[in-house]
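Step one of this worksheet: look at the structure below.
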Protein chains: 2
Amino acid sequence: MVVKKQKQTKQSINRQELEARILRSAEIVFAEKGYNGSSMEAIAAVAKISKQNLIYYFSNKELLYKRVLKEMLDIWIEKLSFLEKDGDTPELVIRRYVHEKMQLSRLYPNGSKVFAHEIISGAPMLKDYLVSHLKPQFERDVKLVKSWISKGLIADIDAEHLFFTIWAATQTYADFSLQMEVLLAKTSLDEDDFERAELAVTEFVMRALGAKKIN
Amino acid sequence: MVVKKQKQTKQSINRQELEARILRSAEIVFAEKGYNGSSMEAIAAVAKISKQNLIYYFSNKELLYKRVLKEMLDIWIEKLSFLEKDGDTPELVIRRYVHEKMQLSRLYPNGSKVFAHEIISGAPMLKDYLVSHLKPQFERDVKLVKSWISKGLIADIDAEHLFFTIWAATQTYADFSLQMEVLLAKTSLDEDDFERAELAVTEFVMRALGAKKIN
DNA sequence: GTTATTGCTGACCAAAAAGACAAGTTCAAA
DNA sequence: TTTGAACTTGTCTTTTTGGTCAGCAATAAC
């Protein structure tokens, strides 16, 4: 693919910066209010621009929403490729996978929430993307896990539901953080909470795999 | 508490029925669209009454929404009391807990989704209830698990995060059912899927507890 | 049968919000 | 410095939606 070299004028730099700021702002508002509850005006206010200017950059709400969703999903798909490098044990691969997923919950809680809202709502804007992008990766990853099982490298577990469980257990630290904050009597989850969470989840998963050594 | 005996007229019976139908309808719409995205008109349409009549029964949207939420939470709190009967092993108690939670995901997917939307959005209408009702139960249950650990009945796991993981892993079968349907190439999760899911989740949790026999 | 209560509906209103449009402003290239 | 393009804003229209209100209809009480 040919990348058109764009001259970096003052304007184009501003444009990029402002677009990024808008996307971050939209993420915050969509995460809290969902698609329908978020007004362009509210997003503009967070981004500190006028509604009209927001519309200039993203001509309508649906488009903006889809951009936010797609950004999040692209990050996930990139970071969560289940790559088996030479010499990696299944244990290490899965351990790394849990770690990465947990990082994403910590670093992108808002994007994660937008995604969650969307899926819970029946994914009206996302279904096709799931089929075309997520499903192939899922099937590949499931196949790999099943091959580990058949080679006796890990315990005989349900591969599909292993993924569902890992996703749920990690994603919950983004989506349901408020519930945990209430139950743990904290104003927000800090570094330590995430570390403890990752340790706990990793240990659960490792035991499920029948790993011998747990540390 | 004195229960006022209400005469069961034809009207009052209809009222109860219609109220229940409205609540079920509201649950469906709120689950799909969230609070802001759900219009009273849409709820009325599902319940097959006029918007004005809906407002006659539930004078405003917030009230209706809170009723739906409260109904769901009351069911949860009732079904998920972590009761230790005489002779129950920790293993059995937790096994039953997972089973109950899974049942709730299967039987009340819509209520579960409404709850999820609410928590993800920062629980604007629910925070107080969480503090007053859920937190005490959580703390009691955590305490019990910790006592099991100190008695050496189960492995030394992180009690708080054990609950977070169980909740996430079970709730996901209600909230994220669409994602699974896409990935498993099904139009809806059936009895078998839930059975398989429960088996998988139960096994994960049992292994995490360090249970000797797994079946 | 008459009256009072409960249940229901149509006509409306006010607020919110998406987005169109036109006009003005800033900036970069010639 | 001029010119055209990129950027920004104020005004207006239309649609949606939560909710009111007055009145009609069905039912229960007497």
Side-chain angles (χ1 to χ4, degrees), chain A residues 4-23 25-26 28-69 114 117 121 124-125, chain B residues 4-23 25-69 114 117-118 121 124-125:
Chain A
K4 199 190 279 178
K5 184 141 184 190
Q6 191 112 8
K7 201 190 257 183
Q8 289 281 328
T9 65
K10 201 195 263 181
Q11 282 190 343
S12 75
I13 290 170
N14 274 343
R15 171 150 209 138
Q16 285 177 358
E17 272 174 17
L18 188 47
E19 257 187 32
R21 198 170 87 217
I22 290 172
L23 285 167
S25 306
I28 293 170
V29 177
F30 283 135
E32 187 176 330
K33 304 282 188 177
Y35 177 75
N36 287 287
S38 302
S39 73
M40 292 294 265
E41 195 143 19
I43 294 168
V46 173
K48 286 177 184 153
I49 57 175
S50 70
K51 186 186 85 169
Q52 298 87 325
N53 200 17
L54 170 59
I55 291 172
Y56 174 74
Y57 280 89
F58 294 91
S59 59
N60 63 68
K61 193 165 91 165
E62 192 175 319
L63 196 121
L64 176 55
Y65 180 70
K66 283 181 176 166
R67 269 288 295 275
V68 169
L69 272 180
V114 178
H117 276 308
S121 295
M125 315 231 188
Chain B
K4 199 190 280 178
K5 185 144 186 188
Q6 191 112 7
K7 201 190 256 183
Q8 289 282 329
T9 65
K10 199 197 266 183
Q11 283 191 342
S12 74
I13 290 169
N14 275 343
R15 171 149 210 137
Q16 286 176 357
E17 273 173 17
L18 188 47
E19 258 187 31
R21 198 169 87 217
I22 289 172
L23 284 168
S25 306
E27 212 177 57
I28 292 169
V29 178
F30 283 135
E32 188 177 327
K33 305 281 189 177
Y35 177 74
N36 288 288
S38 302
S39 72
M40 292 295 265
E41 196 144 19
I43 294 168
V46 173
K48 285 174 184 154
I49 57 175
S50 70
K51 187 185 84 169
Q52 297 90 323
N53 199 17
L54 169 59
I55 291 171
Y56 175 73
Y57 279 87
F58 294 90
S59 59
N60 63 68
K61 192 164 92 163
E62 190 173 320
L63 196 122
L64 176 55
Y65 180 70
K66 283 182 177 166
R67 269 290 293 276
V68 169
L69 271 180
V114 178
H117 276 307
E118 173 70 11
S121 295
M125 315 232 187

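Just so it is clear, the model here is predicted, and its values are computed rather than measured.
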* Tell me: CD of A:Glu41 to P of D:dT16, nearest whole Å? -> 19 Å
What pairs of donor and acceptor atoms, side-chain ones from residues 29-42 of chain B against any protein atom, are under 3.5 angstrom apart with sequence neighbours left out?
unit_1	atom_1	unit_2	atom_2	d
B:Tyr35	OH	B:Glu62	N	3.4
B:Ser38	OG	B:Val29	O	3.3
B:Ser38	OG	B:Gly34	O	2.6
B:Ser39	OG	B:Ala42	N	3.0

* For D:dT9, does either OP1 or OP2 sit under 4.0 Å from a side-chain N or O belonging to A:Ser50? -> yes
* To do: Determine, stepwise, if the pair B:Glu118 / B:Val114 fulfils side-chain contact (heavy atoms from CB on, under 4.5 Å).
  => CA-CA 6 Å; B:Glu118 173 70 11; B:Val114 178; 5.6 Å; no
* Asked: Ignoring hydrogens and angles, are the base of D:dG10 and the side chain of A:Gln52 linked by a donor-acceptor pair under 3.5 Å?
  -> yes
* Establish, with yes or no, whether the OP1 or OP2 oxygen of C:dG7 is under 4.0 angstrom from a side-chain nitrogen or oxygen of B:Tyr56. => yes
* Does any non-hydrogen side-chain atom of A:Leu64 lie less than 4.5 Å from one of A:Leu23? -> yes
* Between B:Leu18 (CG) and C:dC8 (P), how many Å, whole number? -> 6 Å
* Using whole Å, report how far CG of B:Asn36 lies from P of C:dA18. => 11 Å
* When the distance from CD of A:Glu17 to P of D:dA6 is rounded to whole Å, what number comes out? -> 19 Å
* Check DNA chain C against residues 59-68 of chain A and give the residues with a non-hydrogen atom under 4.0 Å, in numerical order. => A:Asn60, A:Lys61
* Gap between atoms CD1 and P, on A:Ile55 and D:dA6 respectively (whole Å) -> 19 Å
* Is the phosphate of D:dA6, meaning OP1 or OP2, less than 4.0 Å from a side-chain N or O of A:Tyr57? -> no
* Asked: So do A:Ser25 and A:Lys48 actually touch side chain to side chain, heavy atoms under 4.5 Å?
  -> no
* **Rounded distance (Å) that lies between atom P of D:dC7 and atom CD1 of A:Ile22** => 11 Å
* Asked: Atom CD1 of A:Ile22 and atom OH of A:Tyr56: how far apart are they, to the nearest 0.5 Å?
  -> 11.0 Å
* Asked: Would you say the base of C:dA17 and the side-chain of A:Lys51 have a donor-acceptor pair closer than 3.5 Å?
  -> no
* Check the pair A:Glu17 / A:Arg21 against salt bridge (charged side-chain N to carboxylate O under 4.0 Å, His left out), numbers first and verdict last. => CA-CA 6 Å; A:Glu17 272 174 17; A:Arg21 198 170 87 217; over 6 Å; no
* Asked: Is the distance from OP1 or OP2 of D:dT9 to the nearest side-chain N or O of A:Asn53 less than 4.0 Å?
  -> yes
* Whole-Å distance separating the CZ atom of B:Phe58 from the P atom of C:dG7 -> 12 Å
* Round to a whole Å and report the spacing from CE of A:Met40 to P of D:dT16. => 18 Å
* CD1 on A:Ile55 to CD on A:Gln52, rounded to 0.5 Å -> 6.5 Å
* Asked: Do the side-chain N or O atoms of B:Arg15 get closer than 4.0 angstrom to the phosphate oxygens (OP1, OP2) of C:dT6?
  -> no
